[in-house]
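Input: a single structure, listed below in C-alpha cells.
Just so you know, these numbers use all the heavy atoms, side chains as well, and skip hydrogens, waters and symmetry mates.
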Amino acid sequence: MKAERNYSIDILKIIGIIFIINSHLGDMYGNYSFIAQFGDIGNSLFFFCSGYTLTLGRIDRFDNWYKRRFRRIYATVLAYVFLISTYYGLKFNSYEVFIEAGGGYWFLPFIMVFYFIYYPIKRFNVPITKLIVILFTFFVIWFYFNPSFELPLCDIKRSPYILIFLFGALMPIKNLPIIKNTYSAIGLIITILTYLIITYLYRKDTPIVHDNIIFIFPLFIIIVYFLFCFFISNEHRIVKNSKIKKFILHISALSLEFYIMQFLFITNKYNEYFPLNIIIYLIIVYFSAIMLKITTNLLLQTFSKEDFNWSEIIKIN
C-alpha cells in the first residue's frame, strides 16, 4: 500500500530551497549582504526531507532501488550539463559531471552516498536512534583529533549531515508526535539566532568553533521547531485549498532544478535596482528550472523504449 503523501514535507522543501538560494545571493544584496544566511538550515531541511520520503518508499533489490535515485538526480545533472554546454560552449569531464555534479554541487554526491549507506539500514532494520548516537559520538571524537583531515573527492566535514538525514528517516518509523504550542515560533527564532551566533564565531575562526559537527546540535533543534511550526495534517485548510495545494506541489517538484540553476544568474551588475534585481533573478531562475525539468523529462524519454509522451514531458509535478 502506497504511503499517503505528507504535504508538510513539500512545505519544508520549499522553505529549504528559499534558504539555500538566499544564502548564495550576497553579491546581489550589495550593502545588505548580511541577509545572505541560512544555507546550512536549508541543506538540513533537504536532508531531513530526503530521509523522511526515502523511508516511505518501497525497498527492493539494491541495484534497482539505487538506480531509481541515481536516475532522478543525475538525469537532471546531465540535462543541466547539456543545456549550459550548448549555450555557453563549456566542456565537462566525467569527474565534473559525476563527482562535482556539473559544477561543485556538493549536496548531490553527498545525498547519493547517504542513499548508499541507508539501504542496509533499511533492509536489515538497523535501529536508527542508536545509530545516530553512535555516529554523533564518532564524529565528535574524529573531528576533535583530526580537525584538518581531508579527502580528495569531497569535503569530509559535511558528513555529519547524515545525522539530519537519519533523523528524517526516523520520523515515519517511530511515528513521532509533533507537539504544537504558542511558543513554537518563539523557540524557532531563538534556535535560529543561536545558530547564527555559532556560525559567526566559526567565521571569525575562534577556538570555540572549528568543525561543522558543532553545527549539528542547533540544526537538530531548528529542524524540530520547524516541525512544530509547519507540520500539518492532510485535513488542514491549506491542503484542502486546491490552489494552494497545487502551488505547493509545483514549487516542491522543482526544488532540485532550483538548486542546480540558481548559480547561473547571480550577478552584481544590477545592484543599484535592489530589491528589483532579486525579484527579476527569482523569476529567471523559476523559468530556467522549468526548462531544466522539461529537458530532463525529454532526455529520459529519449533513452526509453517507449514512444514519446509529450504530456508527460511537459509535466512538472
Side-chain angles (χ1 to χ4, degrees), residues 1-7 9-10 12-13 16 43 46-82 92 94-102 105-128 131-132 135 153-154 159 161-175 249 252-257 259-260 292-317:
M1 181 177 178
K2 186 176 181 181
E4 185 179 20
R5 189 182 189 111
N6 189 325
Y7 295 94
I9 298 301
D10 294 292
L12 292 179
K13 285 171 66 177
N43 289 319
F46 261 93
F47 281 121
F48 174 87
C49 293
S50 296
Y52 188 99
T53 55
L54 200 62
T55 299
L56 298 177
R58 75 180 192 272
I59 193 82
D60 52 9
R61 207 174 68 189
F62 173 76
D63 54 351
N64 292 323
W65 181 88
Y66 197 77
K67 184 188 78 171
R68 291 194 295 273
R69 277 125 198 104
F70 185 90
R71 181 175 182 268
R72 166 66 181 113
I73 290 179
Y74 276 94
T76 306
V77 171
L78 290 173
Y80 165 76
V81 168
F82 169 76
F92 294 85
S94 57
Y95 175 88
E96 292 169 327
V97 173
F98 293 104
I99 304 300
E100 296 187 341
Y105 298 100
W106 68 268
F107 178 92
L108 302 181
F110 264 87
I111 200 68
M112 295 307 301
V113 172
F114 291 173
Y115 288 161
F116 187 88
I117 295 172
Y118 177 76
Y119 182 83
I121 296 173
K122 172 76 171 179
R123 189 71 174 180
F124 301 109
N125 296 316
V126 177
I128 295 179
L131 183 60
I132 290 175
L135 286 176
L153 298 181
C154 67
S159 55
Y161 275 116
I162 195 173
L163 301 174
I164 302 291
F165 175 84
L166 291 174
F167 179 50
L170 180 67
M171 288 293 295
I173 293 175
K174 295 294 186 180
N175 196 23
L249 292 176
S252 174
L254 290 170
S255 56
L256 176 59
E257 288 74 18
Y259 175 77
I260 291 177
L292 178 58
K293 183 78 170 184
I294 293 173
T295 304
T296 303
N297 294 340
L298 178 61
L299 178 66
L300 289 171
Q301 290 206 21
T302 299
F303 291 98
S304 171
K305 292 182 179 180
E306 306 297 327
D307 293 338
F308 280 116
N309 183 335
W310 290 99
S311 63
E312 288 296 317
I313 289 174
I314 63 174
K315 184 179 179 180
I316 303 301
N317 57 286

Going from [atom1] on [X] to [atom2] on [Y], what distance comes out if it is rounded to the nearest 0.5 angstrom?
{"X": "Lys13", "Y": "Ser255", "atom1": "NZ", "atom2": "OG", "answer": "4.0 Å"}
{"X": "Phe48", "Y": "Thr53", "atom1": "CZ", "atom2": "OG1", "answer": "10.0 Å"}
{"X": "Leu166", "Y": "Leu135", "atom1": "CG", "atom2": "CG", "answer": "6.5 Å"}
{"X": "Arg71", "Y": "Leu78", "atom1": "CZ", "atom2": "CG", "answer": "12.0 Å"}
{"X": "Lys293", "Y": "Leu298", "atom1": "NZ", "atom2": "CG", "answer": "14.0 Å"}
{"X": "Trp65", "Y": "Phe70", "atom1": "CH2", "atom2": "CZ", "answer": "14.0 Å"}

**Item:** Set of residues satisfying side-chain contact (heavy atoms from CB on, under 4.5 Å) with respect to Ile294, sequence neighbours excluded
**Value:** Ile290, Ile313, Ile316

**Asked** Quick one: side-chain contact (heavy atoms from CB on, under 4.5 Å) partners of Ile117, sequence neighbours excluded?
**Response** Val113, Ile121, Ile162

**Prompt:** Sequence neighbours excluded, which residues qualify as salt bridge (charged side-chain N to carboxylate O under 4.0 Å, His left out) partners of Arg68?
**Reply:** Asp60

**Message:** Tell me every residue that passes salt bridge (charged side-chain N to carboxylate O under 4.0 Å, His left out) with Arg72, counting only those two or more places apart in sequence or in another chain.
**Reply:**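 With sequence neighbours excluded, Arg72 shows a salt bridge (charged side-chain N to carboxylate O under 4.0 Å, His left out) to Glu257, given in chain and number order.
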
**Message:** Give me the atom names and distance for the closest heavy-atom approach of Pro120 to Val126.
**Reply:** O-CG2, 4.0 Å

**Message:** Please give me the minimum heavy-atom distance between Gly16 and Phe46, naming the atom from each residue.
**Reply:**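 Smallest heavy-atom distance, with atoms named: C-CE1, 3.7 Å.
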
**Prompt:** According to the interplanar angle, ranging from 0 to 90°, do the rings of Phe165 and Tyr118 count as parallel (below 30°), tilted (30 to 60°) or perpendicular (above 60°)?
**Reply:** perpendicular

Side-chain heavy atoms of [X] within contact of [Y], under 4.5 Å:
{"X": "Asn6", "Y": "Leu56", "value": "no"}
{"X": "Leu256", "Y": "Ile260", "value": "yes"}
{"X": "Asn43", "Y": "Phe110", "value": "no"}
{"X": "Phe82", "Y": "Leu299", "value": "no"}

**Request:** Please name all residues satisfying side chain to side chain donor-acceptor pair (under 3.5 Å) with Arg61, sequence neighbours left out, ordered by chain then number.
**Result:**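 Arg61 satisfies side chain to side chain donor-acceptor pair (under 3.5 Å) with Asp63 only.
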
**Request:** Go through the structure and list residues passing side chain to side chain donor-acceptor pair (under 3.5 Å) with Tyr7, not counting sequence neighbours.
**Result:**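 Here the qualifying residues are Lys245.
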
**Asked** With Tyr66, which residues qualify under ring-ring contact (aromatic ring centres under 6.0 Å, His included), at least two apart?
**Response**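 Tyr66: ring-ring contact (aromatic ring centres under 6.0 Å, His included) contacts with Phe62.
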
**Item:** Any residue meeting ring-ring contact (aromatic ring centres under 6.0 Å, His included) with Phe47, in chain and number order, not counting sequence neighbours
**Value:**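 Only Phe107, Phe114, Tyr161 meet the ring-ring contact (aromatic ring centres under 6.0 Å, His included) criterion with Phe47.
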
**Request:** Sort and list the pairs that fulfil side-chain hydrogen bond (donor to acceptor under 3.5 Å, both in side chains) and have at least one residue in residues 294-310, not counting sequence neighbours.
**Result:** Asn309-Ser311

**Prompt:** How far apart are the C-alpha atoms of Arg69 and Ile111, what are their side-chain angles, what is the distance that settles it, and do they pass the side-chain contact (heavy atoms from CB on, under 4.5 Å) test?
**Reply:** CA-CA 10 Å; Arg69 277 125 198 104; Ile111 200 68; over 6 Å; no

**Request:** Please test Val81 against Tyr74 for side-chain contact (heavy atoms from CB on, under 4.5 Å), starting from the C-alpha separation and ending with a verdict.
**Result:** CA-CA 10 Å; Val81 168; Tyr74 276 94; over 6 Å; no

